[in-house]
Protein chains: 2
Amino acid sequence: MGAMSNVERAVSALRQMIFAGELPPGSDHLETELAEKLGMSRTPVREAALMLQAQGLVEMRPRRGIRISPVSATDMAEIYDILTELESLAAARAAEAQYSKADLATLATAIRDMDAALAADDLRAWAEADDRFHRELVRLGRNARLSMVVSVMRDQVRRARATTLFMRPKPKQSNEDHRVVYQAIARGDAKTAHDTHHAHRQAARDMLVALLEKHQFHGL
Amino acid sequence: MGAMSNVERAVSALRQMIFAGELPPGSDHLETELAEKLGMSRTPVREAALMLQAQGLVEMRPRRGIRISPVSATDMAEIYDILTELESLAAARAAEAQYSKADLATLATAIRDMDAALAADDLRAWAEADDRFHRELVRLGRNARLSMVVSVMRDQVRRARATTLFMRPKPKQSNEDHRVVYQAIARGDAKTAHDTHHAHRQAARDMLVALLEKHQFHGL
DNA sequence: GTATGCGTTTGTGTATACATTAACGCACGA
DNA sequence: TCGTGCGTTAATGTATACACAAACGCATAC
């Protein structure tokens with residue numbers, strides 16, 4: 001149970017602090033500083049930082065500390081382009097896999113939750129269910145590497161979403177798209193699943209990038 | 001000029017040994033062992049291993065050493081699926097970017113070199129030029145993250161290619177495909193660039209996977 | 001006021017020490 | 001012969017020590 005190394009603890013603690021905004025994008029932090037804050041020596045902190053760096057969450061620069069990576073509008077455009085392609089592939093593969101209704105239960109639940117959240121005007125719950133839908137979709141695509149790449153990219157999106165979630169229009173079309181994708185997967189229609197999800201993501205991309213550019217979050 | 005840290009040295013030395021087959025896939029190596037071989041302490045070796053692990057080249061398992069990741073036929077299928085999508089996107093973006101003939105010189109050269117290598121029956125030179133073509137194609141797509149993901153995936157392909165290069169049929173169709181993609185990019189035809197490259201990669205994938213499965217390189 | 005150079009400070013990169021804990025072997029019992 | 005349990009061994013995870021080099025401040029010169 002408590003078989004968790006300090007490195008693992010450091011990774012999740014740092015991730016949490018980054019996502020919570022406690023370590024704001026662009027800020028620098030010395031290894032010693034973080035080590036003290038986490039109650040461990042520099043060694044595991046360094047190793048954790050190395051892993052987070054590989055995922056693009058931080059950058060280690062000699063003598064300037066560990067910098068929490070900023071996410072610009074350009075970055076977001078890059079990330080969404082990748083997500084668009086890889087998730088759409090996953091959707092197509094999921095459709096080809098001929099899953100049973102039972103296998104798709106998690107997707108169905110996520111869709112229902114999104115509808116409910118939208119009706120209740122609970123954007124935070126909506127975002128959580130949306131995440132769940134996309135995560136499950138990728139899992140059904142059955143490509144471990146793809147899942148990993150997507151999850152790294154989605155981490156970045158999550159960071160940006162913290163600032164954009166309440167600025168954007170109600171995601172009504174989004175729910176409709178998800179339903180179409182779900183049905184296409186259920187009946188084994190790979191092309192529709194792929195193309196619908198592709199358009200869905202591309203629309204999200206354009207909306208988000210416009211939003212970020214308008215609000216000049218270039219270096220946030 | 002010696003401005004190279006031991007970690008950097010360890011990373012490139014290990015990469016080289018892995019690609020050269022000196023550290024065969026599936027083999028285990030203790031940190032101490034590698035440290036001694038590289039003439040440094042365990043610390044930089046550990047950090048290097050951590051980075052290579054993030055790229056999927058090794059796996060660190062407590063008490064069992066650093067394992068050089070095997071590449072199975074399934075892995076190759078996963079990897080090619082990702083490459084197919086991302087490179088095709090890059091091709092489309094490159095076409096949209098309206099590059100001049102001069103900008104595309106590197107692509108043209110790579111194509112010429114591949115023709116020459118094919119005529120001379122020099123498969124190794126062909127593979128090198130092929131790599132060059134794909135790398136430049138992705139670079140022209142102008143997505144830094146995509147480039148990074150693709151280069152990690154291509155590293156894995158390179159490892160498998162060492163064993164498959166001389167088993168597969170002459171890549172004649174391949175050269176023809178590249179030429180079509182090049183021309184599509186030159187005239188700004190994103191759809192043709194995308195679709196042609198997509199089919200090109202998918203064909204390569206099917207051929208390679210069949211080859212690997214046939215020769216039962218499941219755990220190599 | 002601005003620029004240049006030197007001394008100091010301080011963070012990092014690396015080596016090393018050490019405790020912990022998993023793997024291995026061996027003995028013992030069934 | 002095979003399985004089980006314990007003791008030993010040894011590899012890792014983490015802490016710590018230390019040298020080097022870069023950043024900063026201050027003084028001096030223009």
Side-chain angles (χ1 to χ4, degrees), chain A residues 1-18 22-70 148 152 219, chain B residues 1-18 22-70 148 152 219:
Chain A
M1 36 144 266
M4 200 178 176
S5 74
N6 275 355
V7 178
E8 291 171 292
R9 257 189 293 277
V11 167
S12 45
L14 290 175
R15 281 176 59 91
Q16 193 154 8
M17 287 194 277
I18 291 172
E22 194 176 335
L23 302 178
S27 61
D28 290 323
H29 308 271
L30 299 178
E31 294 178 5
T32 319
E33 206 183 291
L34 292 176
E36 191 167 3
K37 181 146 35 188
L38 300 179
M40 57 184 77
S41 84
R42 273 179 55 220
T43 309
V45 172
R46 255 182 92 83
E47 298 196 355
L50 238 25
M51 297 197 208
L52 296 176
Q53 182 173 45
Q55 297 174 17
L57 286 179
V58 310
E59 297 153 41
M60 296 175 75
R61 298 179 318 171
R63 312 196 64 76
R64 317 193 77 159
I66 294 162
R67 157 159 298 189
I68 312 303
S69 302
M148 202 155 302
V152 167
Chain B
M1 59 146 266
M4 199 179 177
S5 75
N6 275 355
V7 178
E8 291 172 292
R9 257 189 294 277
V11 167
S12 43
L14 290 176
R15 282 177 59 92
Q16 192 154 8
M17 288 193 276
I18 290 171
E22 194 175 334
L23 302 179
S27 61
D28 291 321
H29 308 271
L30 299 178
E31 295 177 6
T32 319
E33 207 182 290
L34 292 176
E36 192 168 2
K37 182 147 35 190
L38 299 179
M40 57 185 76
S41 83
R42 274 178 55 218
T43 309
V45 172
R46 255 183 91 83
E47 298 195 354
L50 238 25
M51 297 197 208
L52 296 176
Q53 182 174 44
Q55 297 173 18
L57 286 179
V58 309
E59 297 153 42
M60 295 176 76
R61 297 181 319 170
R63 319 217 132 245
R64 319 193 76 160
I66 293 161
R67 156 157 300 188
I68 312 302
S69 301
M148 203 154 302
V152 166

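Quick note: numbers below take in every heavy atom, side chains included, and nothing from hydrogens, waters or symmetry partners. Order of the sequence lines sets the chain letters (A, B, ...), proteins ahead of strands, with each chain counted from 1.
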Do any side-chain atoms of residues 43-52 of chain A form donor-acceptor pairs under 3.5 angstrom with protein atoms, and if so which ones, sequence neighbours left out?
from  : atom 1 : to    : atom 2 : distance (Å)
A:R46 : NE     : B:E47 : OE2    : 2.8
A:R46 : NH1    : A:E31 : OE2    : 3.0
A:R46 : NH2    : B:E47 : OE1    : 3.1
A:R46 : NH2    : B:E47 : OE2    : 3.4
A:E47 : OE1    : B:R46 : NH2    : 3.1
A:E47 : OE2    : B:R46 : NE     : 2.8
A:E47 : OE2    : B:R46 : NH2    : 3.4

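A search for side-chain hydrogen bond (donor to acceptor under 3.5 Å, both in side chains) contacts involving B:E36 returns nothing, not counting sequence neighbours. Scored by the side chain to side chain contact (heavy atoms under 4.5 Å, CB included) test, A:S12 finds A:M4 as partners (sequence neighbours excluded). For B:E22, the side chain to side chain contact (heavy atoms under 4.5 Å, CB included) partners two or more places apart in sequence, or in a different chain, are B:M17. When the side-chain hydrogen bond (donor to acceptor under 3.5 Å, both in side chains) test is applied to A:R67, the partners found at least two apart in sequence or on another chain are A:D28. A search for side chain to side chain contact (heavy atoms under 4.5 Å, CB included) contacts involving B:T32 returns B:R42, not counting sequence neighbours. Every side chain to side chain contact (heavy atoms under 4.5 Å, CB included) that A:E33 has, sequence neighbours left out, goes to A:H29, A:L30. Looking at residues two or more places apart in sequence or on another chain, you find no side-chain hydrogen bond (donor to acceptor under 3.5 Å, both in side chains) involving B:Q16.
No side-chain heavy atom of B:R64 sits under 4.5 Å from any side-chain heavy atom of B:E59.
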* To do: Report the C-alpha distance between B:V58 and B:L23 in whole Å, list the side-chain angles of each, state the deciding distance to 0.1 Å, and finish with yes or no for side-chain contact (heavy atoms from CB on, under 4.5 Å).
  => CA-CA 10 Å; B:V58 309; B:L23 302 179; over 6 Å; no
Could you write out each protein N or O paired with an N or O of nucleotides 14-17 of chain C at a distance under 3.5 Å?
from   : atom 1 : to    : atom 2 : distance (Å)
C:dT14 : OP1    : B:N6  : N      : 2.4
C:dA15 : OP2    : B:S41 : N      : 2.7
C:dA15 : OP2    : B:S41 : OG     : 2.5
C:dA15 : O5'    : B:S41 : OG     : 3.4
C:dA15 : N7     : B:T43 : OG1    : 2.8
C:dT16 : O4     : B:T43 : OG1    : 3.4

Using nucleotides 19-23 of chain C, report all nitrogen or oxygen pairs with the protein that are shorter than 3.5 Å.
from   : atom 1 : to    : atom 2 : distance (Å)
C:dT21 : O2     : B:R63 : NH2    : 2.9

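Annotation: proximity of residues 50-61 of chain B to DNA chain D (heavy atom, distance under 4.0 Å) is found for no residue. Contacts between residues 28-37 of chain A and DNA chain C, counted as heavy-atom distances below 4.0 Å, involve A:L30, A:E31.
Here CD1 of B:I66 is found 12.5 Å from CG of B:L57. Values are rounded to the nearest 0.5 Å.
Shown here for B:A54 and A:A54, the closest heavy-atom pair between the two residues is CB-CB, 3.4 Å.
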